[in-house]
Amino acid sequence: MRKPIVAGNWKMNKTEDEAVQLTEDIKVMLKEGINADVILCPPFTALSAVSHSLRNTRIELGAQNMYWEEKGAYTGEISPQFLVNLNCNYVIIGHSERRKYFGETNETINKKVRTAFKFNLIPIVCVGETIEEREKGVTEKVVETHVKMALKDIDEKSCRRVVIAYEPVWAIGTGKTATPQLAEDVHRFIRTLLSELYSKDTAEVVRIQYGGSVKPENARDLMEMDDIDGSLVGGASLDTSSFVKIIQESIL
Ligand code: 13P
């Protein structure tokens, strides 16, 4: 059985003080011993403070992006080593907002995924189609390309640790959640693809999150699907009780 994994992507929200407040509130509301991996992904400027606040808890820390070089003349970029030193275990790679607004490509995403593994960070690799692509009927083709290119030259041992987040772009921040069945179809497709690329055994251990307007009201129905192992939550992760409810609803 795959352990549920719920991550909050705070995007460009929360000052350092606000981020610490949210973290403290989540800590209070989240009972110890909850049987899920819970990850908070604040903006870079709040990572250090949130890391401090998460000490001695089971909640883990993730970053929203990083660069693929360890150090050097790359003004404005963030090194994987910086994240490791802040006790990050996870890093979101290739979010659709980064693909859309910051020119990330399948090639740069692959470099980042390879670097993440080199630094022992677990990449949460985001894949998913736009509304135009869905209407054209090329969802599977787009998702296949995203997955294959992101995992290019990634060995099987590393692949077993990757987290894939299926985030249909049309469902992000729009209130339009994919129906559980529609999401499940793509999740199943991704798992089949992983078994072709690696092995059935590896495909069975990789966790695939759904992302896009996840709320307390729809989290359970999504989680009840065989191939949905958790969620990558945007808006609702900024509200303590919504986020904690989503986590509770994710433990079946
Ligand atoms: P929303 O939950 O706000 O739709 O965002 C989803 C997302 O992009 C998480 O990475």
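Because only heavy atoms are used, hydrogens play no part in the values below, and waters and symmetry mates are left out as well, while side chains stay in. Here, residue 1 is the first one in the sequence, and each next residue gets the next number. All ligand and atom numbering here is 1-based and tracks the order in the structure. Note that the structure is predicted; figures quoted are calculated from it, not measured.
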> Counting only heavy atoms not in K215, do more than 12 sit closer than 6.0 Å to its NZ atom?
Replying inline: yes
>> Taking E204 first and then K200, would you say they form a salt bridge - that is, a charged N and a carboxylate O separated by under 4.0 Å?
In response: yes
>> Going by salt bridge (charged side-chain N to carboxylate O under 4.0 Å, His left out), name the residues that satisfy it together with E24, two or more places apart in sequence or in a different chain.
In response: K27
>> Please tell me whether N87 and R55 have a donor and an acceptor in their side chains that are separated by less than 3.5 angstrom.
In response: no
>> I need the contact residues for ligand 1: any residue with a non-hydrogen atom closer than 4.0 Å to the ligand, ordered by chain then number.
In response: N9, K11, H95, E167, A171, I172, G173, G212, S213, L232, G234, G235
>> Taking side chain to side chain donor-acceptor pair (under 3.5 Å) as the cut-off, I'd like each qualifying pair that reaches into residues 115-131, sequence neighbours left out, listed once.
In response: N120-R161, E129-R134, E129-Y166, E129-W170, T130-E132, T130-E133
> If you group Ile, Leu, Val, Met, Phe, Trp and Tyr whenever their side-chain heavy atoms sit less than 4.5 Å apart, what else falls in with W68?
Replying inline: Y67, Y74
